[in-house]
Undergrad: 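Take this structure first; my questions come after.
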Amino acid sequence: AALKEALTGADADSVIRSQVFDTIANSYSPAPWPPPYDSAGALHNETSQRWHHELRELESKLREQGPAGELATNCKNNGSNPAVTGVWMGEGVGGVKGIVSAGEVLAAAEREAVER
């Protein structure tokens, strides 16, 4: 629920393009993304604010701590906390006004098609 609220409450200014969350995920993933990889759009939160301009320090700290270290564990264990985890989004997120199920989307599309 908190991640959905983060998406519906965000706008283009809430997004940062950063390698922070990929870097953290790569530190514990059994199949990390191989370099070079581009940045990804995500909610600008406590984690990205802390590490966006300190990527080399983040990489060093992750190597030092290992996959079970505090940084990796904090992101893994707080996957539903938008202040900590990577919430993937792009600048178009401001157009997201609500989160509905696929069934609701299809039903609305059908109603709209019938009305035409």
Undergrad: The test is side chain to side chain contact (heavy atoms under 4.5 Å, CB included); show your working for N74 and T47 and say whether it passes.
TA: CA-CA 10 Å; N74 195 29; T47 303; 5.6 Å; no
Undergrad: Counting only heavy atoms from other residues, nucleotides and ligands, does the tally under 6.0 Å from CH2 of W88 exceed 12?
TA: yes
Undergrad: Which pair of non-hydrogen atoms, one from E57 and one from R50, has the smallest distance, and what is that distance?
TA: OE2-NH2, 3.1 Å
Undergrad: Give the intermediate values and the outcome of side chain to side chain contact (heavy atoms under 4.5 Å, CB included) for residues L71 and W51.
TA: CA-CA 11 Å; L71 284 169; W51 296 107; 3.7 Å; yes
Undergrad: Give me the atom names and distance for the closest heavy-atom approach of C75 to V84.
TA: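 Heavy atoms of C75 and V84 come nearest at SG-O, 3.9 Å.
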Undergrad: Give a yes or no on whether K76 atom NZ has more than 12 heavy-atom contacts from other residues, nucleotides or ligands under 6.0 Å away.
TA: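 Yes, enclosed.
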Undergrad: Between S27 (side chain) and I24 (backbone), is there a donor-acceptor pair under 3.5 Å?
TA: yes
Undergrad: Looking at every non-hydrogen atom in both residues, tell me the closest pair between G66 and A72 and how far apart they are.
TA: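 Nearest heavy atoms, G66 then A72: O-CB, 4.5 Å.
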Undergrad: Looking only at atom types and distance, does a side-chain atom of T85 sit under 3.5 Å from a main-chain N or O of S80, one as donor and one as acceptor?
TA: no
Undergrad: For E91, look at atom CD and say whether over 12 heavy atoms of other residues, nucleotides or ligands are found less than 6.0 Å away.
TA: no
Undergrad: Should R116 and E112 count as an ion pair when the cut-off is N to O under 4.0 Å?
TA: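 Counted as a salt bridge, because a side-chain N and a carboxylate O are separated by less than 4.0 Å.
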Undergrad: Do you know which two heavy atoms are closest between S18 and H52, and how far apart they sit?
TA: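 Here S18 and H52 meet closest at OG-ND1, 2.9 Å.
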Undergrad: If you round to the nearest 0.5 Å, how far is CE of M89 from CG of L7?
TA: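 Interatomic distance, L7 CG to M89 CE, rounded to 0.5 Å: 4.5 Å.
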Undergrad: When you measure from the side chain of D22 to the backbone N and O of S39, does any donor-acceptor pair fall under 3.5 Å?
TA: no
Undergrad: Indicate if V96 and I16 have the same hydrophobic cluster label, given that clusters are the connected sets of ILVMFWY residues with side-chain heavy-atom separations under 4.5 angstrom.
TA: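 The answer is no; the residues belong to distinct hydrophobic clusters.
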Undergrad: If we ignore angles and hydrogens, is there a donor and acceptor under 3.5 Å between the side chains of S48 and H44?
TA: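 Their side chains do contain a donor-acceptor pair, which is all the 3.5 Å distance test asks for.
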Undergrad: To the nearest 0.5 Å, what is the distance between OG1 on T23 and CG on L55?
TA: 4.5 Å
Undergrad: Are S29 and N26 close enough that a side-chain donor and a side-chain acceptor fall under 3.5 Å?
TA: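 There is no such pair between these side chains.
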Undergrad: Indicate the atoms forming the closest heavy-atom contact of G79 with L3, along with that distance.
TA: O-CD1, 3.4 Å
Undergrad: What heavy-atom pair brings L43 and A6 nearest, and what distance separates the two atoms?
TA: CD2-CB, 4.1 Å
Undergrad: Same hydrophobic cluster for I99 and V87, using side-chain heavy-atom links shorter than 4.5 Å among ILVMFWY?
TA: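 In one cluster with I99: V87, yes.
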